[in-house]
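Chain naming here is simple, since letters A, B, ... match the order of the sequence lines and numbering starts at 1 in each.
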Protein chains: 2
Amino acid sequence: MKSKRIGNRTVKLENKPTIISASSVVGPKEGEGPLREYFDIILEDDLCGQKSWELAESDMVKTAMKKTCEKANKKLEDINYMIGGDLLNQIFPASFAARDLSIPFIGIYGACSTMAEGMCISSMLIDGGFADLILSGTSSHFCAAERQFRFPLEFGNQKPMTAQWTVTGAGSVLISPKGQGPKVTHVTIGKVIDKGIDDGNNMGAAMAPAAVDTIYSYFNDTKDDPNSFDVIATGDLGKLGKEITEELLAQRGLDISKVYMDCGIEMFNMEKQDVHCGGSGCGCSATVFCGYIYKKLKNKEFNKVMLVSTGALLSPTSTLQKQTIPCVAHAVIIENKE
Amino acid sequence: MKSKRIGNRTVKLENKPTIISASSVVGPKEGEGPLREYFDIILEDDLCGQKSWELAESDMVKTAMKKTCEKANKKLEDINYMIGGDLLNQIFPASFAARDLSIPFIGIYGACSTMAEGMCISSMLIDGGFADLILSGTSSHFCAAERQFRFPLEFGNQKPMTAQWTVTGAGSVLISPKGQGPKVTHVTIGKVIDKGIDDGNNMGAAMAPAAVDTIYSYFNDTKDDPNSFDVIATGDLGKLGKEITEELLAQRGLDISKVYMDCGIEMFNMEKQDVHCGGSGCGCSATVFCGYIYKKLKNKEFNKVMLVSTGALLSPTSTLQKQTIPCVAHAVIIENKE
């Protein structure tokens with residue numbers, strides 16, 4: 001059946017691209033958080049036996065991708081495409097993982113929106129019949145992100161309370177036109193929104209307007225009811241960004257408060273783990289989705305979920321050049337449907 | 001009509017995604033090369049009136065995207081998706097261009113393979129009915145690339161003869177399910193190949209095996225005849241990489257020598273412009289395709305073309321960590337067909 005665009009920005013997928021498996025790998029700190037029981041692998045050593053954090057991150061992606069295939073009883077050579085990317089310059093972790101996995105590779109960059117971006121592209125390609133199996137996933141690593149975007153860890157920089165903590169973790173999904181599992185029913189690709197925030201330690205506030213734009217577009221396009229969802233999950237807005245998102249949506253007449261969570265807040269014990277505004281990084285929504293949310297979908301505790309991964313498209317160079325932070329958010333709607 | 005996978009890696013597109021317009025912007029040096037008459041805009045100032053090379057690169061992308069829409073009489077708000085990326089950290093130029101153009105944005109990273117990668121994704125999404133108009137394009141800037149990947153220009157580093165010259169330029173295409181223009185008939189997504197080259201000044205040799213893998217896969221999948229093409233164009237292998245590609249393909253029984261060109265060699269006057277092995281960068285295959293090749297397709301001098309943009313997925317960080325260079329190549333087949 002032919003899928004179609006609805007309204008301005010949303011695509012309704014008629015051929016039921018199915019998430020047949022998902023898996024997650026997290027670092028030691030994430031493994032001490034409230035979601036610990038949902039993750040497949042909790043690392044004892046965040047270097048994964050590698051010589052650098054960047055290589056460790058690549059190793060996590062590879063591990064997550066392999067685990068996802070194993071769970072679905074698929075071989076790596078059965079996979080048509082791997083779609084992935086991450087925060088690091090030239091998506092070092094994803095590129096090196098794709099080399100080792102030897103799967104045709106579509107590299108993407110959406111900063112922390114990568115999990116949803118990859119799921120949007122994968123679901124459309126599966127829905128259109130261009131592939132039988134697509135692996136999509138992403139990762140981030142606290143230590144690699146800190147030294148690239150902020151300061152060397154050894155410098156011991158103190159962060160303001162608006163800052164967030166980059167999640168060490170990787171998650172991936174396997175999407176297929178057939179098989180058992182929740183289905184991707186709609187995707188909404190985001191516009192790049194920039195409301196003038198230029199503080200890299202206040203990403204939640206920078207990204208919130210992009211989340212608002214995408215969430216509002218989905219509901220405006222489909223006339224769907226927010227309360228028909230079990231969960232609407234933003235990627236990594238943190239405490240401040242979540243408040244702003246809820247308020248800006250309310251101003252536009254959309255109340256999502258009953259079903260709204262943010263992966264960055266769920267990931268950590270906000271009282272005890274000293275992560276300021278919460279978790280962030282591509283790995284944040286990736287592991288919360290592939291760990292917690294996917295498992296709740298599988299066991300039917302959740303039946304309709306919106307994942308809105310949110311990304312800040314700044315670079316250290318753009319920051320040095322005194323530019324503000326452009327942000328983007330992509331939405332994937334996943335439902336239990338036969 | 002339903003498109004289908006052929007063989008192992010190739011997708012045959014049955015719904016004729018059409019390249020309804022294309023445009024190119026190049027820097028002053030490129031504007032002195034042999035293809036000067038084919039480019040839409042030749043800059044007099046490679047800063048484009050901006051304060052940095054990175055902002056200048058973003059401006060070039062924006063200009064190319066707008067020009068491409070104008071040529072097809074389409075407004076920016078009619079475009080469903082912009083698909084793009086570039087060489088710079090966190091795809092700074094593409095992200096900032098997407099913000100200013102306000103088109104839903106799918107960010108990609110494939111290093112210098114970006115033009116073909118974007119065209120592969122765009123063509124599949126158009127073919128599957130997920131969009132009516134997709135803008136896809138990419139850019140590179142000599143000065144921005146040098147300081148990010150090699151040395152500050154002020155340092156005046158001498159390059160070995162295997163090195164290439166990053167093209168300053170941007171190109172973009174507009175793809176639609178209907179309208180006049182050449183059609184994308186097949187796409188072959190590449191695997192990441194790494195034969196152990198670790199010298200960032202010898203990219204042609206590093207990337208050649210990836211080009212070989214993708215070109216060979218297309219012909220193996222389709223049983224097509226190389227001599228049915230008017231041109232098979234690799235992205236930016238340069239003199240050395242082109243020789244290696246031709247030889248490795250010949251060893252596998254595939255002779256493409258009669259129709260084979262490399263965009264990096266065509267771009268410059270190799271005798272006089274002091275570019276060593278030739279042009280490189282995302283902008284190289286982008287401007288040679290959107291300028292020269294597209295115009296030859298439009299006026300029917302060419303009727304069947306394969307564009308194989310080639311990318312080296314190294315990062316300065318991976319180089320410092322003594323890693324070898326993983327490479328990728330994606331192929332798009334474009335034909336004049338009604």
V332(B) and V308(B): side chain to side chain contact (heavy atoms under 4.5 Å, CB included), yes or no, with the steps? CA-CA 7 Å; V332(B) 199; V308(B) 191; over 6 Å; no
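Expressed to the nearest 0.5 Å, how far CD1 of I108(A) lies from CD1 of I121(B) amounts to 8.0 Å. Rounding to the nearest 0.5 Å places CD1 of I175(B) at 7.0 Å from CD1 of I134(B). To the nearest 0.5 angstrom, L13(A) atom CG is 11.0 Å from I126(A) atom CD1.
Your options are I103(A), L55(A), I193(A), and the one with the most heavy-atom pairs under 4.5 Å with chain B is L55(A). Residue with the most contacts toward chain B among I106(A), L125(A), V192(A): V192(A) (heavy-atom pairs, distance under 4.5 Å). The choice from G110(B), G190(B), A131(B) that makes the most heavy-atom pairs within less than 4.5 Å of chain A is G190(B). Counting heavy-atom pairs closer than 4.5 Å to chain A, the top-ranked of the candidates L313(B), V11(B), I189(B) is I189(B). Of the residues considered (L88(A), V187(A), L314(A)), L314(A) shows the highest number of contacts with chain B, using heavy-atom pairs under 4.5 Å.
Contact record, I83(B) with G118(B): CG2-CA, 4.1 Å, taken as the closest heavy-atom pair. Residue A111(B) comes nearest to C282(B) through the heavy atom pair O-SG, 3.1 Å, listed as atom of the first residue, atom of the second, then distance. Taking every heavy atom of both residues into account, A312(B) and I325(B) meet most closely at CB-CG2, 3.8 Å. What you find for C48(A) and A56(A) is that their closest heavy atoms are SG-O, 3.7 Å. Closest approach of G85(A) and I91(A) over heavy atoms only: CA-CG2, 3.9 Å. Of all heavy-atom pairs between G128(B) and F130(A), the closest is N-CZ, 3.7 Å.
Heavy atoms closer than 4.5 Å to chain B are found in the backbone of L87(A), but not in its side chain. Heavy-atom distances place the side chain of F92(B), and not its backbone, under 4.5 Å from chain A. Proximity to chain A is absent for every atom of A94(B), based on heavy atoms less than 4.5 angstrom apart. Contacts between L101(A) and chain B at a heavy-atom distance below 4.5 Å are absent for every atom of the residue. In this structure, chain B has heavy atoms under 4.5 Å from both the backbone and the side chain of A98(A).
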Give me a line-by-line list of donor-acceptor atom pairs from chain B to chain A that are under 3.5 Å apart, or tell me none exist.
residue : atom : partner : partner atom : Å
R5(B)   : NH1  : Y81(A)  : OH           : 3.4
R5(B)   : NH1  : F130(A) : O            : 2.7
S52(B)  : OG   : Q321(A) : OE1          : 2.6
E54(B)  : OE1  : Q321(A) : NE2          : 2.8
Y81(B)  : OH   : R5(A)   : NH1          : 3.4
L87(B)  : O    : Q90(A)  : NE2          : 3.0
N89(B)  : OD1  : Q90(A)  : NE2          : 2.9
Q90(B)  : NE2  : L87(A)  : O            : 3.0
Q90(B)  : NE2  : N89(A)  : OD1          : 2.9
R99(B)  : NH1  : D194(A) : OD2          : 2.6
S102(B) : O    : K191(A) : NZ           : 3.4
F105(B) : N    : G190(A) : O            : 2.9
G107(B) : N    : E117(A) : OE2          : 3.3
G107(B) : O    : Y109(A) : N            : 3.0
Y109(B) : N    : G107(A) : O            : 3.0
E117(B) : OE2  : G107(A) : N            : 3.3
F130(B) : O    : R5(A)   : NH1          : 2.7
G190(B) : O    : F105(A) : N            : 2.9
K191(B) : NZ   : S102(A) : O            : 3.4
D194(B) : OD2  : R99(A)  : NH1          : 2.6
Q321(B) : OE1  : S52(A)  : OG           : 2.6
Q321(B) : NE2  : E54(A)  : OE1          : 2.8

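In this structure F105(B) satisfies the ring pair (Phe, Tyr, Trp, His ring centres under 6.0 Å) test with no other residue, sequence neighbours excluded.
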